[in-house]
Visitor: 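Sharing a structure below in structure tokens format, with a few things to ask.
Since this is a predicted model, take the numbers as computed values, not measurements. Letters A, B, ... mirror the listed sequences (proteins, then strands); counts begin at 1.
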Amino acid sequence: MYRLEPELFNLNYTLDCGQVFRWEKEGDWWTGVVGNNVIRLSQEKESGQLLIDSELPPEFFSRYLRFDDDLSSIYVSINRDLLIDRAINKYKGLRLIRQDPWECLISYMLATASSIPTIQKRICLLSQFLGQELEDGYFSFPDPETLANADLSLLDRCKLGFRADRIKTAAEEVCSGELDFDALFRLEYKYARERLMRLRGIGEKVADCVLLFAFEKMESFPVDTHVRQIIQHYHIDDSYFETCSNLSCMGDWGREYFGHYCGYAQEYLYYQKRIEGFVSLY
DNA sequence: GACCAGGACCAGA
DNA sequence: TCTGGTCATGGT
């Protein structure tokens with residue numbers, strides 16, 4: 001066990017905001033599976049020090065928790081109105097997480113039209129049935145080969161519904177090399193998005209989540225039900241939507257409005273809405 | 001029992 | 001190009 005002293009970081013917001021699905025909190029400690037590691041994290045209230053119970057080195061966590069992002073500068077760049085200003089101040093220290101591309105891809109494919117607890121349950125079942133047990137009750141996320149070769153009857157027991165055959169097909173593409181993660185990293189946002197959306201089961205929203213959380217595309221702006229409701233409820237930049245009102249337009253709007261780090265803005269707005277609903281700005 | 005959840009997709013207009 | 005219905009599942 002050791003400590004880090006990250007600047008401008010809040011562990012609870014970061015792990016609770018809905019970007020990752022494999023962390024659970026008990027008392028002051030979070031336990032999660034990352035790769036083949038079971039990790040325990042906690043943060044001291046007064047000092048802000050991060051307590052790490054893991055064999056992995058500090059560099060791993062600096063990377064995973066994106067300590068290389070200059071949050072202060074990002075806040076300045078995305079702070080466009082009272083709503084985002086409130087979210088930034090209320091949830092200060094929330095950082096995006098650098099997720100594993102494979103796990104992130106499958107996780108968001110099976111997240112469509114589902115609540116977060118349901119998503120967590122599906123991933124938990126999938127790992128129990130097809131992953132490896134790392135320690136009591138904690139399983140690794142299944143690798144592409146295992147998922148590609150899995151029986152649909154087994155996937156059905158993971159309560160995936162209509163998503164089952166889609167993630168199996170995606171796994172097959174990853175195994176064959178047809179879907180190349182290295183290539184996605186190199187592609188610029190727009191083209192990486194088009195490539196992901198060629199997969200059945202991936203639309204604009206899922207593609208944006210995967211690109212934002214696993215492929216370094218900060219200019220992704222996932223428009224889910226919460227973000228859509230926010231834009232409509234607060235009538236933010238209403239004139240923009242006079243000519244178009246669909247979800248695709250909302251994504252384009254977010255990119256223009258918040259700039260390069262709109263992905264961060266989205267995450268703050270999303271979390272604020274999920275936790276507090278429509279907040280008053282007076 | 002209707003409605004919603006980190007939606008995607010298709011048919012029909 | 002845009003809209004409505006449909007697809008499973010679990011929680012409120």
Visitor: Can you confirm whether or not the ring centre of A:Phe181 sits under 6.0 Å from the ring centre of A:Phe215?
Guide: yes

Visitor: Within the structure shown, what part of the strands sits under 4.0 Å from A:Leu212 by heavy-atom distance: base, sugar-phosphate, or nothing?
Guide: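 It contacts nothing in the nucleic acid.
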
Visitor: How many whole angstroms separate atom CZ of A:Phe21 from atom P of C:dG10?
Guide: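 Rounded to whole Å, this separation is 17 Å.
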
Visitor: Report the nucleotide, chosen from B:dC10, C:dT9, B:dG7, that has the shortest atom-to-atom distance to any side-chain atom of A:Arg200.
Guide: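 Of B:dC10, C:dT9, B:dG7, B:dC10 is nearest to the side chain of A:Arg200.
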
Visitor: Is there a donor-acceptor pair under 3.5 Å between the side chain of A:Gln49 and the backbone N or O of A:Ser42?
Guide: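 Judged by distance alone, no pair lies under 3.5 Å.
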
Visitor: For A:Arg166 and B:dC9, what is the distance between atoms CZ and C1' respectively, to the nearest whole Å?
Guide: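 For the pair A:Arg166 CZ and B:dC9 C1', the rounded distance is 7 Å.
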
Visitor: Cation-pi between A:Arg80 and A:Tyr257: NZ/CZ under 6.0 Å from ring centre and within 45° of the ring axis?
Guide: yes

Visitor: Taking the side chain of A:Ser115 as heavy atoms from C-beta outward, which of C:dT9, B:dG7, B:dA5 is closest to it?
Guide: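 From the listed options, B:dA5 comes nearest.
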
Visitor: Can you tell which of C:dG10, C:dA8, B:dA8 lies closest to the side chain of A:Arg163?
Guide: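 Nucleotide nearest to A:Arg163's side chain: C:dA8.
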
Visitor: So what's the dot-bracket for DNA chain B: Watson-Crick or G-U pairs under 3.5 Å, [ ] if a pair crosses, | if it pairs off-strand?
Guide: .||||.|||||||

Visitor: Between atom CG in A:Leu247 and atom P in C:dG4, what is the gap in whole Å?
Guide: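 Atom CG in A:Leu247 sits about 13 Å away from atom P in C:dG4.
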
Visitor: Would you mind reading off the distance between A:Phe162 atom CZ and B:dC10 atom P, rounded to a whole angstrom?
Guide: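 Distance check: A:Phe162 CZ to B:dC10 P gives 13 Å.
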
Visitor: Compute the centroid of each ring, for A:Tyr268 and then for A:Tyr91, and state whether the two points are separated by less than 6.0 Å.
Guide: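 So the answer is no for these two rings.
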
Visitor: Just to be sure I understand the rule, does A:Gly201 reach a base, reach only the sugar-phosphate, or reach nothing, if contact means heavy atoms closer than 4.0 Å?
Guide: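 Sugar-phosphate only.
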
Visitor: In terms of relative ring orientation, are A:His233 and A:Phe278 parallel, tilted or perpendicular, with 30° and 60° separating the classes?
Guide: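 If you compare the ring of A:His233 with that of A:Phe278, the planes turn out parallel.
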
Visitor: Please give, in whole Å, the distance from B:dG7 P to A:Ile167 CD1?
Guide: 16 Å

Visitor: Touch check for A:Lys159, heavy atoms < 4.0 angstrom, all strands: base, sugar-phosphate only, or nothing?
Guide: sugar-phosphate

Visitor: Rounded to whole angstroms, how far apart are CD1 on A:Ile119 and C1' on C:dA8?
Guide: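 About 14 Å, once rounded to whole Å.
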
Visitor: Say you pick atom P in B:dA5 and the same atom in C:dC2; how far apart are they, in whole Å?
Guide: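 Going atom to atom, P in each nucleotide, I get 23 Å.
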
Visitor: I need the CD1-P distance between A:Ile116 and C:dG10, as an integer number of Å.
Guide: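 One finds 17 Å between P of C:dG10 and CD1 of A:Ile116, rounded.
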
Visitor: With heavy atoms under 4.0 Å as the rule, sort A:Ile202 into base, sugar-phosphate or nothing.
Guide: sugar-phosphate

Visitor: How would you list, by chain and number, every residue that makes a salt bridge (Lys or Arg N to Asp or Glu O under 4.0 Å) with A:Glu133, sequence neighbours excluded?
Guide: none

Visitor: Is the shortest distance from a Lys or Arg side-chain nitrogen in A:Arg255 or A:Asp252 to a carboxylate oxygen in the other one below 4.0 Å?
Guide: yes

Visitor: A:Met197 CE to B:dA8 P: how many Å, rounded?
Guide: 8 Å

Visitor: Checking all strands, does A:Phe213 fall into the base, sugar-phosphate, or nothing category for heavy-atom contacts under 4.0 angstrom?
Guide: base

Visitor: Are the side chain of A:Gln99 and the backbone N or O of A:Gln19 linked by a donor-acceptor pair below 3.5 Å?
Guide: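 Side chain of A:Gln99 to backbone of A:Gln19: a pair is present.
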
Visitor: Test side-chain hydrogen bond (donor to acceptor under 3.5 Å, both in side chains) on A:Tyr264 and A:Asp69 and set out the steps.
Guide: CA-CA 11 Å; A:Tyr264 257 101; A:Asp69 279 340; 2.8 Å; yes

Visitor: Rounded to the nearest 0.5 Å, how far apart are CD of A:Glu5 and OG of A:Ser47?
Guide: 7.0 Å

Visitor: So if I take residues 217-234 of chain A and measure heavy-atom distances to DNA chain C, which residues fall below 4.0 Å?
Guide: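 Nothing qualifies; none.
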
Visitor: Using heavy atoms to find the nearest nucleotide of DNA chain B for A:Ala207 and A:Thr118 separately, return the residue whose nucleotide is more 5′.
Guide: A:Thr118

Visitor: Looking for any heavy atom pair under 4.0 Å, which part of the strands does A:Glu204 touch: base, sugar-phosphate only, or nothing?
Guide: sugar-phosphate

